[in-house]
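Data block below; observations after.
Heads up: numbering here begins at 1 and tracks the sequence.
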Amino acid sequence: MDVSLTLWVLTIVGLSALIAIDFFIGRKPHDVSIKEAGIWTVVWIVLAALFGLGLFLFGGGEPAGEFFAGFITEKSLSVDNLFVFVLIMAKFAVPSQYQQRVLLIGVLIALVLRAIFIAAGAAILASFAWVFYLFGAFLIWTAWKLIQEARADQEDEEFEENKLLKAAERKFGVADRYHGTKLWIEQNGKRVMTPMLVVMLAIGSTDVLFALDSIPAIFGLTQDPYIVFTANAFALMGLRQLYFLIGGLLRKLVHLSYGLSIILGFIGVKLVLHALHESGVHVPEISIPVSLGVICSVLIVTTITSLWASKKQAATEAARKPGTEKAGTGGEGSPKDSIDV
């Protein structure tokens, strides 16, 4: 797409206005209900769909297809990121009424940093076509790594602070408790960070690591920086509400990592084929409709098999619990008179 500077400015202003509205609505700390999270999740998805429809009307089917493929991919990868967000919230014992504020600021930090990543990635790809080989190989390696992690099935995984976060804590110090939504306080005559600021930085910096696979993935679907940026923006901005909406369902998506590994591997192959084509090698290229179909099919199948496996596992565990035996198994014709507590 030939995107003018005016359109870029209007888009950024529009997205900033949406973020400001989201911040205004969530400015007062409160526990987010399922109803509230559900309504706003639908709102963000509808806004993304309207934006894609606008691309179709003014730019044609190809840009719109690239946007929807990128948006769905980034959204699915974001759902996987929510697992880590849950670990971060537990690690820092964030009170439930403050979690929506933490996510809002953390996602905002991630959006700004990803914009920088996208600009750098677009500049590199425009100058060095061979980078497509690196992106493709990296995505295939990431897909294999996801499969290995899923097969490891680590139940007691905990969030570990990165070196940057530890360095900030050592330099500025951290208060011993939360002080509402304050980010800095005076303690013993010294200005120190609150746990609220630390967890926001943890969310934002962790999402930058997620960008290492999500940014190459979307560049495998489109090389248009405008579409890459807007698809990422719409996928990230609804992440806060999605966290509260499907928080209880995350553990049931047991096959999500397998689905994401297939998607990343598929896009990696697509990138390699594109790189070969750019090098003059006559190889077939995977079209956007095919990519969109593969991504949607994998996610649908993954969701169905995950829910089926979780339901089967829950039924098996329920059957093994003490106290579920039929009456008369506890002794001479009488119900069992002891229950493990």
* Considering only heavy atoms from C-beta outward, does the side chain of Leu134 approach that of Phe138 to under 4.5 Å? -> no

* Asked: Can you check side-chain hydrogen bond (donor to acceptor under 3.5 Å, both in side chains) on Tyr226 and Thr11, steps first, answer last?
  -> CA-CA 9 Å; Tyr226 183 77; Thr11 301; 2.6 Å; yes

* Got Phe71 and Asn232 here, is their nearest side-chain heavy-atom distance under 4.5 Å? -> no

* May I ask you to test the Ile218-Ile118 pair for a side-chain heavy-atom distance under 4.5 Å? => no

* Answer yes or no: does atom OH of Tyr178 have more than 12 heavy-atom neighbours from other residues, nucleotides or ligands under 6.0 Å? => yes

* Asked: Going by the angle between their ring planes, with limits at 30° and 60°, are Phe172 and Trp184 parallel, tilted or perpendicular?
  -> perpendicular

* **Whether Phe67 and Phe234 hold their rings parallel, tilted or perpendicular, with breakpoints at 30° and 60°** => perpendicular

* **Joint cluster assignment, Val272 & Ile124, ILVMFWY side-chain distance < 4.5 Å** => yes

* Would you check if the side chain of Gln99 reaches a backbone N or O of Val94 as a donor-acceptor pair within less than 3.5 Å? => yes

* So do the side chains of Trp144 and Ser261 get within less than 4.5 Å of each other, counting heavy atoms only? -> no

* Do the side chains of Glu186 and Lys190 get nearer than 4.5 Å, heavy atoms only? -> no

* Under a single-linkage definition using a 4.5 Å side-chain heavy-atom cutoff for Ile, Leu, Val, Met, Phe, Trp and Tyr, are Ile19 and Trp8 assigned to the same hydrophobic cluster? -> yes

* Do any N or O atoms from the side chain of Ser297 and from the backbone of Val294 form a donor-acceptor pair under 3.5 angstrom? -> no

* Asked: Tell me, do Lys182 and Leu197 make a side-chain contact under 4.5 Å, heavy atoms counted?
  -> no

* To do: Could you walk me through whether Val198 and Phe92 pass side-chain contact (heavy atoms from CB on, under 4.5 Å), step by step?
  => CA-CA 9 Å; Val198 176; Phe92 295 99; 3.5 Å; yes

* With hydrophobic residues grouped by side-chain heavy-atom distances under 4.5 Å, do Ile12 and Leu108 end up in a single group? -> yes

* Asked: Which class fits the ring pair Phe135 and Phe219: parallel under 30°, tilted 30 to 60°, perpendicular over 60°?
  -> tilted

* Taking atom types as modelled, is there a side-chain donor on His179 or Thr194 under 3.5 Å from an acceptor on the other? -> no

